[in-house]
Amino acid sequence: MTLGRMIAGIAAAWLLVATTVGCNREKQGDASKDQLVVGFSQVGAESSWRTAETKSIKDEAAKRGVQLKFSDAQGDPAKQVAAIRSFVTQGVDSIVLAPKEETGWEDVLREAKQAKIPVVLVDRGVSVDDDSLYVTLIAADFVEEGRLAAEWLAKKMNGKAAIVELKGTTGSSPANDRNRGFVEELKKHPDMKIVVSQTADFERTKGKEVMESVIRSGVTFDAVYAHNDDMALGAIGALKESGRRPGQDVILISIDGVRGAFEAMVAGELNATVECNPLLGPMLFDTIEKLKRGESVPKFIEVPSPIYEQSKAAELIHSRAY
Ligand code: AHR
């Protein structure tokens with residue numbers, strides 16, 4: 001199919017949806033005739049990044065007068081599936097999904113499609129055979145984030161390091177892709193070795209626990225790559241308690257760019273962070289509104305991922321929005 005036809009197809013699909021929505025609105029009863037009603041299924045609140053993402057989406061909905069039906073799955077994908085089904089039953093205009101894991105969405109997304117409700121994925125991708133089951137994904141390129149982290153670390157360590165990798169939630173797209181990008185880039189540096197690779201579920205407490213067990217195991221390492229800042233912050237606590245100086249004896253790089261990471265860089269305890277911006281609210285509702293007007297949107301809307309080093313942290317920390 002040509003790009004033009006694909007775009008026209010998406011626009012036509014939305015117009016059909018808009019007509020259906022007009023009928024559904026009668027059923028909802030709690031929204032004014034022209035008010036947009038959006039269901040948002042959020043994974044949970046495992047990290048400060050995710051709390052910032054939730055706030056951004058809620059704030060932007062309120063600012064634009066969108067009625068947002070918010071569901072926090074508390075880390076349980078089954079609750080996300082149930083939330084989507086409930087949004088379908090309620091006949092919302094659009095569904096926003098931040099999926100915990102990549103797989104397991106086919107059936108419920110098909111139900112949304114059959115009900116002619118467009119699904120916009122935010123921050124994490126899904127793995128489905130039929131990619132018409134969602135309209136677009138708004139996210140960072142996680143493979144590129146992992147690649148950037150490896151490139152930075154190889155330079156910092158002069159091409160030789162024993163690395164502990166703290167991985168995100170097993171089965172999630174950021175954990176899969178940040179590992180993939182990192183490992184691919186490391187192939188260029190044969191003396192950069194991952195000596196431990198373990199999940200800490202994107203959580204600060206688990207980052208600390210995993211690092212404590214790595215230290216207890218006696219394995220030798222001089223670098224840490226964490227798939228998010230919160231796990232790196234937990235690891236920093238464990239390193240300090242063991243008498244090591246994070247940022248000096250052990251070089252650390254992580255991903256997200258949250259305020260806590262900038263504070264740790266200012267304190268000299270974290271060496272760098274790759275930004276993964278969680279403030280997706282404005283972009284998300286711009287996209288939903290565009291679709292509603294029948295305009296085309298790309299299948300992937302990329303959020304840029306710049307890298308920030310310790311040397312710039314003091315200068316930048318006050319301008320950080322999350
Ligand atoms: O999907 C994005 C990731 O999920 C963030 O990097 C992490 O902090 C969050 O929990």
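Keep in mind that this is a model prediction, so the values were computed, not measured. Ligands are counted one by one from 1 in listed order, and the atoms in each one are counted from 1 as well.
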Under 4.0 angstrom from ligand 1, any heavy atom of [X]?
X: Pro174; result: yes
X: Asp256; result: yes
X: Lys100; result: no

Axial cation check for [Y] ring with [X], 6.0 Å and 45° limits:
X: Arg85; Y: Phe87; result: no
X: Arg178; Y: Tyr225; result: no
X: Lys63; Y: Phe285; result: no

query = Judging by distance only, is a nitrogen or oxygen of Trp49 under 3.5 angstrom from one on ligand 1?
reply =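 Not met; the criterion fails.
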
query = Any nitrogen or oxygen of Arg50, main chain or side chain, under 3.5 Å from a nitrogen or oxygen of ligand 1?
reply =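 N/O-N/O distance below 3.5 Å exists for this pair.
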
Joint cluster assignment, Val303 & Phe40, ILVMFWY side-chain distance < 4.5 Å =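 Val303 clusters together with Phe40.
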
request  = Just need the protein heavy atom nearest to atom 10 (O) of ligand 1, so name the residue and atom and give the distance.
outcome  =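 Heavy-atom neighbour on the protein nearest atom 10 (O) of ligand 1: Glu46 OE2, 2.3 Å.
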
query = In the protein, which heavy atom is nearest to atom 1 (O) of ligand 1, and how far is it?
reply =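 Going by distance alone, atom 1 (O) of ligand 1 is nearest to Asp123 OD1, 2.5 Å.
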
key: Cys276 and ligand 1 - part of the residue with a heavy-atom distance under 4.0 Å   =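 For Cys276, there is no contact with ligand 1 at all, from either part.
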
task = Tell me which part of Glu203 gets within contact of ligand 1: side chain, backbone, both or neither, using heavy atoms under 4.0 Å.
result =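 For Glu203, there is no contact with ligand 1 at all, from either part.
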
ask   = Taking only heavy atoms of Ser47, which atoms of ligand 1 are found under 4.0 Å from at least one of them?
value =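 By the 4.0 Å cutoff, the relevant atoms are 7 (C), 8 (O), 9 (C), 10 (O).
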
task = Without swapping roles, check the side chain of Asn271 against the backbone of Gly247 for a donor-acceptor pair under 3.5 Å.
result =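 Judged by distance alone, yes, a pair lies under 3.5 Å.
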
message = Using a strict threshold of under 4.0 Å (side-chain N to carboxylate O), is an ion pair present between Asp286 and Arg64?
response =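 A salt bridge links Arg64 with Asp286.
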
task = Decide yes or no for Phe70 and Ile57: does some side-chain heavy atom of the first lie under 4.5 Å from some side-chain heavy atom of the second?
result =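 SC-SC contact between Phe70 and Ile57 ruled out.
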
